[in-house]
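In what follows, every chain begins at residue 1, and chains take the letters A, B, ... in the order their sequences are listed.
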Amino acid sequence: MNELGIYIHIPFCIKKCDYCDFISVKLNDGLIEEYINDLIKEIEIYSKLISKYVIDSIFIGGGTPSSIDSKFIGKIFEKLYSSFNIDSKAEITIEVNPGTINKKKLEAYKDFGINRISLGAQSLNDKILQNIGRIHNEQDILNTIKLIKLEGFDNINSDLMIGLPEQTLHDVISSLEKIIELNLTHISLYSLIIEEGTKLYKLEQNGKLNLPNEDEERLMYHEAKRLLEKNGYRQYEISNFSKPDFECKHNLKYWTLKPYVGIGLNSHSNIWDYRYWNYSNFKEYHNYLMKGKLPIENKEYINTISKITEFMILGIRLNSGINREEFKRVFGTDMDYYYKDAIQKNINNGLIFDDGKNIKLTSKGLDLSNIVELDFYI
Amino acid sequence: MHVDRENIRNFSIIAHIDHGKSTLADRLIEKTGMITQREMQDQVLDKMDLERERGITIKLKAVRLNYKANNGKDYVFNLIDTPGHVDFNYEVSRSLAACEGAILVVDATQGVEAQTLANVYLAIDQDLEIFPVINKVDLPSARPEEVAQEIEDIIGIDASYAPHISAKEGLNIDQVLEGIVERIPAPVGDENKPLKALIFDSYYDPYKGVTCYIRVFDGKIYPGMKIKLMSTGKEFEVTEVGISTSKQIPVDFLSAGEVGYVAASIKNVKEARVGDTITDAYNSTDKPFPGYKKVTSMVYCGIYPAEGEDFNSVRDALEKLQVNDASLVFEPETSQALGFGFRCGFLGLLHMEIIQERLEREFDLNIITTAPSVIYKVHKTDGEIIDIQNPSNLPKPSEIDYIEEPIVSASIMTPSEYVGAIMELCQNKRGTFLNMEYLDQKRVTLKYELPLNEVIYDFFDALKSKTRGYASFDYELKGYNRSELVKLDILINGELVDAFSMIVHEEKAYERGRIIAEKLVDVIPRHQFAIPIQAAIGSKIIARETIRALRKDVLAKCYGGDISRKKKLLEKQKEGKKRMRQIGSVEVPQEAFLSVLKYDEKK
C-alpha cells in the first residue's frame, strides 16, 4: 500500500514573531472554533479521496499549535483516526512553543498518539530572543524541555536560528551547547531570512538592524555543524541534524518527492502529479468548505520535466545526495542526458562532488546551494 | 488649384521646445477649415508617437491651408514644419530656405530662450521676414509686454505689433492669420525660367517610392517630366506632383512660388537628400540652390542585439529607419563582449536617443548600446591621418603622434542664479569660457567652447540637474583641437571588455575610470569568486575595485512543503540569468552597459 504524509496547519499564535511571514493570526476563540470545524470538514472530504493510502506521518504545524486548547487538537485527531488508515508506527509531530505548554496539554498529546515534539526554541539568549519578538526566555525553554521529557516523549526536535540581530558566534555556540546537553534526538538549524512585510524587514530597510555579516553567519553555520557532528548528530539536510534513525520522516517526504496532503489554511499538497495549495484567507477557505469543496486556490501539474527538476533541486539538499541509479530508475534516462554540463561545471567550481554513485554538495556547496539549484532548474 | 503667386504665403513656425509651436499649427489648420476637429489628431503635424511624447518634431512636413482674408481675397498658406532641435539644424535651415517668412512663437511666461535665438538666427540667415507672436498670454504668470521688450532687445526686431495669443485657448488666432497675409512677403520667381526646386524633406512611401517635399523657385514641374537631382546628376521621371492638405492631392503641375510634393520612382531617400536642387533634365538651371551639404554624423555608438535578440531583426529595423532618415548611418561591427552588432552614426545625442527608443518601441527590440563616441582625428607617426570613432580601433600609442578632438561652440541661456554652477560644470568639462551676456536682469547667456566628447558624456543630465531644468543649451560644431587623449579600458576579472572602452582626456581618465569601476561593482552580481574591476590606460591600472566573492546563497527552507514558492524564486533568478552577458567566467547584466553612461549626481 502507498504511504502518505499529512500536514495540518494551525494558524494561531499568541503573538507573531518579528521575522515570521507565515499565515498566522492572534488567538481568537470564535475563529478557532470555526476553523477547527473547517479542518474537520476538509478531513472528511479527503477521507474518501485518500482511502487507499497508509498514513505514515502526521505533522501539526503552525502558527503555534500548542497555543490553542488541546481539546481542539483532540477533535482533529478523533477525525483523523476515524477517516484514515494510520500506520501504528506513524511519526506524529506537533510544534510547540515554550510558554504555551503545560503538563495537561502534553498528557493529552500523548493520548492522541503524538510521539514527536518540535520545539521552537530559536536561541537560548534572552536578549536575542527579545530582539526577534519571541514571547519566551531561556528558562522557559529549559523548563518546557524538562516537562516534555518528563511526560515520556523521547523524540524531540528543537529549532535554532543563526544570523539573528546582534547575534555572535559565541551566542550560537553557547545556545547549541545548552541544547546538546539536553540530549534531544533532532536539531534544526535555520538561517534567518528577512522576508518582505515582516517587522525585521522594516527595521532593516531603515538601517536599524545589526545583522552579522555573511562571513560571520557562515562561520556560525559551520561551527554549529561541527559541534553537532562532534556530539553524535548527523546532518541529513542543509538545515537538519539528527541522532541516527531520528531523521524527521515527514520533512524527508518534502525533499524526496513523496506524496503528502496539506490540510488547513494555505497548506500545500503534493499528490497525483499535482502540487496545489489552499486559500490563505479564512473567509475563502471557510466558504469553500461550507459548500463541501476542497478550498484549493491554485494547482500546478508536475510533468516529467518539472519532476526531474524537483528531484534534482530538492535531492541535492540532502546529505545522501542524488543517486544516479535512482534517477535512471525513476525517469528511464541517464542523469547526464540532462545534467552533464551542469554537474561538471559545479564540480569544477567545488560546489558538488560525485562519489561514483551520488552527487552531493561539498562544504562550500552548503553555502552556495542556490547556485547549484539554479543550474539544475530546467 | 493653381493660384496667383501674389496670394501665396510660405512660412514656418519657429519656437523653443514647449513654447507652443505645434498647438499654434493646430489652431491655424483648424481656423482655415482644412481639417475638421474630428479628423484632427491632437497635434496634426507631429505624426510619430515618440515626437508627440517628447513634444518635439523630428521629421518636417508641409501643409497647405486656404484662407479668405479680411480684404476679401483668397490666400494659400504653405505651413512648413521644422524640427525644433539643434541636432536637426541643417534640416531646419533647409525648410526655412523654402519660406519667405517665419512666425516666431515666444512663450509669454518664459521669454526668449537659447533655442529661440538659434532658430531666429537661422531664419535671419535665410533673409526671412520674422513675424513675432506672443503665446500663452492666458497663463497667470504671463508677462507679454516684458517679453515683447525682450524680443526687441535681444533679437532686435519690432515686436510692437506682435499678437498676444493663446494657441491653447484659440485666442487672437485671426490676428495671426491676418498678420501672415500682411507681414510675410509673397514669393517671387519666374515660371518661364528652367525648373529650380528645393527639396526640404523626403520620405519613403511604399507605394510611390521616395516622396520629396519641394519648394519651386523657378519654372514648373509636372508628371512625365524628366528631372535631374543636381548634387548627384541622377535623372528620374516625375510620376506625380501634388499638394498636401490633410491628405495628398495630385495636381497637374507646381510652378514658381508653390510648395508641394513630387514622386519620381526614386528608390532610396539617400538619392533625394534634403537641400538638393531639382531641375529640368533637358534644360538645367544654371545655379543650384546654395548651401547643400551632405549631413555628417557627429555622434557614434555601437548598437547590439541584447541576449536572445536576433542580429538580423536589428539590421532590418535599422534599414527600415534609414529609409526615412538619410542622416542615420550604420555598418556592421563586432565586439568581443557583445558579439555582432552595428556602429551607428547620428546627427547628435537626441537623434541617437530617438533612434534607440524607436528600435525598442516601434520594433520591440532588446538592444544594448555602447558609450557614445565622437570622431577623433588621429595623426599617426607615419604622417597618416585617420578618423576614429570606435575606441577599439585606436592605433597603438607608439603609432600615434597626436590626436585632435571635435570642439563645439555652446551657448547656454540660464537664470542668473545658476551661472556659478554652470561655470563650474563647464570648467569641469574642459570648457573654454568665451563670454557672458546679460539678456536682462535675471537672465544670462554663457558662451563656451566645449569638447564634444565631454558634451556627449553626461553634460545634458548634469546641466539639467544643476539648474533644475531652467537652463537651455545649444551647440554647433566649431572645429578640431589637438588634445591629450587616451583610451580608457575596463577589465573585468582581468579581461578587457571592449564595449566599455572609451577615449577620454588624460586628466579625466582617473576619475572616469574610478566612477565606472564603482558603478560596475554595484550592478554586477556577486559570483563565487572575487572579481577585480580595473580601469586601465594601456597596461597601467589607474583604478581598481573588487566585487567580493559570494559567501552565502541559500534558499529558504520549504516550510510546510511549499515547493512551489521555491521554484518560483528559482524561475525568476533563471530569467534574470538569461539576460546576462558572459564575459570570461563573469556574468554581466545588460544594465551594466547602460549604467556607465548615466549621470550620477553623487559622483
Region of [X] in contact with chain B, defined by heavy-atom distances below 4.5 Å:
X: A:K364; answer: side chain
X: A:I302; answer: side chain
X: A:N349; answer: both
X: A:S267; answer: neither
X: A:E217; answer: side chain
X: A:Y260; answer: side chain
X: A:E373; answer: both
X: A:I238; answer: side chain

Is the backbone N or O of [Y] less than 3.5 Å from a side-chain atom of [X], with the two atoms forming a donor-acceptor pair by type?
X: B:K466; Y: B:L425; answer: no
X: A:K253; Y: A:I6; answer: no
X: A:E95; Y: A:G120; answer: no

**Study point:** pair A:E310-A:R275: side-chain heavy atoms closer than 4.5 Å
**Key:** yes

**Study point:** For A:E42, salt bridge (Lys or Arg N to Asp or Glu O under 4.0 Å) partners two or more places apart
**Key:** none

**Study point:** Presence of salt bridge, B:E333 and B:R343, under 4.0 angstrom
**Key:** yes

Exercise for review: Please step through salt bridge (Lys or Arg N to Asp or Glu O under 4.0 Å) for the pair B:E518 and B:R514, ending with a clear verdict.
Suggested key: CA-CA 6 Å; B:E518 282 171 2; B:R514 182 182 51 82; 3.2 Å; yes

Review point. Based on non-hydrogen pairs under 4.5 Å, which of B:Q573, B:R551, B:R548 is most in contact with chain A?
Key: B:R551

Exercise for review: Specify whether B:F342 and B:F311 have parallel, tilted or perpendicular ring planes, treating 30° as the upper limit for parallel and 60° as the lower limit for perpendicular.
Suggested key: parallel

Between [X] and [Y], do the side chains contain an N or O donor and an N or O acceptor separated by less than 3.5 Å?
X: A:N348; Y: A:Q344; result: yes
X: A:N346; Y: A:D375; result: yes
X: B:D498; Y: B:S501; result: no

Point to revise | Residue among A:N251, A:L351, A:N213, A:T309 with most heavy-atom pairs under 4.5 Å to chain B | key: A:L351

Check your understanding: Taking A:I313, A:N270, A:V372 one by one, which has the highest count of heavy-atom pairs under 4.5 Å against chain B?
Key -> A:I313

Practice item. Taking heavy atoms only and a threshold strictly under 4.5 Å, list by residue number the residues of residues 523-546 of chain B that touch chain A; give 'none' if the list is empty. Key: B:R526, B:Q528

